[in-house]
Number of protein chains: 2
Amino acid sequence: MIKFSRKTEYALIAIQYIANKGITEFSTAKEISDNYNISYELLAKILQRLAKNNIITSTKGVNGGYKFLKSPDDVTLSEIIESLNESYALTRCLKKNRPNKTDCQIADCCTLKNPVAIIQNRLNIFFDDITIRHLM
Amino acid sequence: MIKFSRKTEYALIAIQYIANKGITEFSTAKEISDNYNISYELLAKILQRLAKNNIITSTKGVNGGYKFLKSPDDVTLSEIIESLNESYALTRCLKKNRPNKTDCQIADCCTLKNPVAIIQNRLNIFFDDITIRHLM
DNA sequence: TACAAATAAGACTAAATTTGTCGTATATAA
DNA sequence: TTATATACGACAAATTTAGTCTTATTTGTA
């Protein structure tokens, strides 16, 4: 199945929310989770990952929260997906960080690998081209 | 996660195999499953689905098997995915055959829906553009 | 006609992944 | 010092995917 995971879905919702607030105001995990009826703990972890990967910045403590630093034009869907430790590799053999030999036994002799790699390249461009601006 | 399921992966392997044999010779499920070390029963079911959806044709009995009728240019990745009853809808709310209200509680007020629908349209074009020819 | 080779189809099980929860730690403004 | 917020990892539940098993049907050939 080709689809966004909940993680990605919630990340996009949150990013849209934060982006729409501009670059001055903070949004908190609680605020967003209440607004969209998303599990607070789950969303919190997602925001933490996004912060860790500099998609958003975080400030701890009272009056803290998350906000953007970068321009919405400068953050791509690729970056968001990858910062959540997710992937948009179409097949196991094309995963960047997991060239796990045991993942696919036929990888060596597989005649599908090359054609799919070409499709994958086109998909990479596809996701690189989509930015947070497209969500606003 | 954005990736092909095993079903899709195996379908593509099989389709490539069958396509490379031309339009006269039959390929059997056993032959392909042996060649690629894929579970015979699983592959058989996948080929049955493809046949049911006229991606390939099937002939029962001794000397039977599967082969192509259509030109490899005329079968798209979209069609293959859909014939397996899989989907490439990015979010639950964008699924063609399942406008299941309970799938997403916030679908009505969701501000992400429209931007994602635009991305989805671009993805549809992406998959419509890829044909079996790209696997050969 | 009997048999072997092949597709057809559905129910069931096992494995893997995803989703969500819980507990604890740390930082900070008031 | 307390309330509010992020940070992080372990665990549990739920869902989905992958694979197996069984039975039926079709068809060429010895």
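Values in this document were obtained by computation on a predicted structure and should not be read as measured data. In what follows, chains are A, B, ... by sequence order, proteins preceding strands, each numbered from 1.
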Taking [atom1] from [X] and [atom2] from [N], how many angstroms apart are they, rounded to a whole number?
{"X": "A/E41", "N": "D/dT6", "atom1": "CD", "atom2": "P", "answer": "12 Å"}
{"X": "A/N37", "N": "C/dG20", "atom1": "CG", "atom2": "C1'", "answer": "14 Å"}
{"X": "B/I38", "N": "D/dT20", "atom1": "CD1", "atom2": "P", "answer": "12 Å"}
{"X": "B/K7", "N": "D/dT16", "atom1": "NZ", "atom2": "P", "answer": "13 Å"}
{"X": "A/R6", "N": "D/dA13", "atom1": "CZ", "atom2": "C1'", "answer": "14 Å"}
{"X": "A/Y66", "N": "D/dT4", "atom1": "OH", "atom2": "P", "answer": "17 Å"}
{"X": "B/F26", "N": "D/dG28", "atom1": "CZ", "atom2": "P", "answer": "10 Å"}
{"X": "A/D34", "N": "D/dT4", "atom1": "CG", "atom2": "C1'", "answer": "14 Å"}

Verify the contact: side-chain N or O of B/S58 to OP1 or OP2 of C/dA8, cut-off strictly under 4.0 Å; return yes or no.
-> yes
Look at the side-chain N and O atoms of A/N63 and state whether any lies under 4.0 Å from the OP1 or OP2 oxygen of C/dA30.
-> yes
Between [options], which nucleotide gets closest to the side-chain atoms of [X]?
{"X": "A/K60", "options": "D/dG19, D/dA5, C/dA27", "answer": "C/dA27"}
{"X": "A/S39", "options": "C/dT21, C/dA6, C/dT19", "answer": "C/dT21"}
{"X": "A/Y40", "options": "D/dA7, D/dT6, D/dG19", "answer": "D/dT6"}
{"X": "B/L42", "options": "D/dC21, C/dT7, D/dG19", "answer": "D/dG19"}

In terms of side-chain heavy atoms, does A/T111 have a donor or acceptor partner in B/Y36 at a distance below 3.5 Å?
-> yes
Side-chain H-bond candidate by donor/acceptor type, A/E31 with A/N35, under 3.5 Å = no
How large an angle, rounded to 10°, do the end axes of the helix from C/dT1-D/dA30 to C/dA30-D/dT1 enclose when each is built from five base pairs?
-> 0°
Base, sugar-phosphate, or nothing for [X], non-hydrogen atoms under 4.0 angstrom?
{"X": "B/Y10", "answer": "sugar-phosphate"}
{"X": "A/A29", "answer": "sugar-phosphate"}
{"X": "B/K45", "answer": "base"}

Between atom [atom1] of [X] and atom [atom2] of [Y], what is the distance when rounded to the nearest 0.5 Å?
{"X": "B/E79", "Y": "B/L84", "atom1": "CD", "atom2": "CG", "answer": "12.0 Å"}
{"X": "B/C110", "Y": "A/E9", "atom1": "SG", "atom2": "CD", "answer": "7.5 Å"}
{"X": "A/H134", "Y": "A/D73", "atom1": "NE2", "atom2": "CG", "answer": "9.0 Å"}
{"X": "A/I13", "Y": "A/S33", "atom1": "CD1", "atom2": "OG", "answer": "11.5 Å"}
{"X": "B/F4", "Y": "A/L94", "atom1": "CZ", "atom2": "CG", "answer": "9.5 Å"}

Connected via hydrophobic side-chain network under 4.5 Å: B/I118 and A/I132 | no
Position toward the 5' end of DNA chain D (nearest nucleotide), A/Q48 or A/V62 | A/V62
Any donor-acceptor N/O pair under 3.5 Å between D/dT6 base and A/K52 side chain | no
Of B/G65 and A/S5, whose closest DNA chain C nucleotide lies nearer the 5' terminus?
-> B/G65
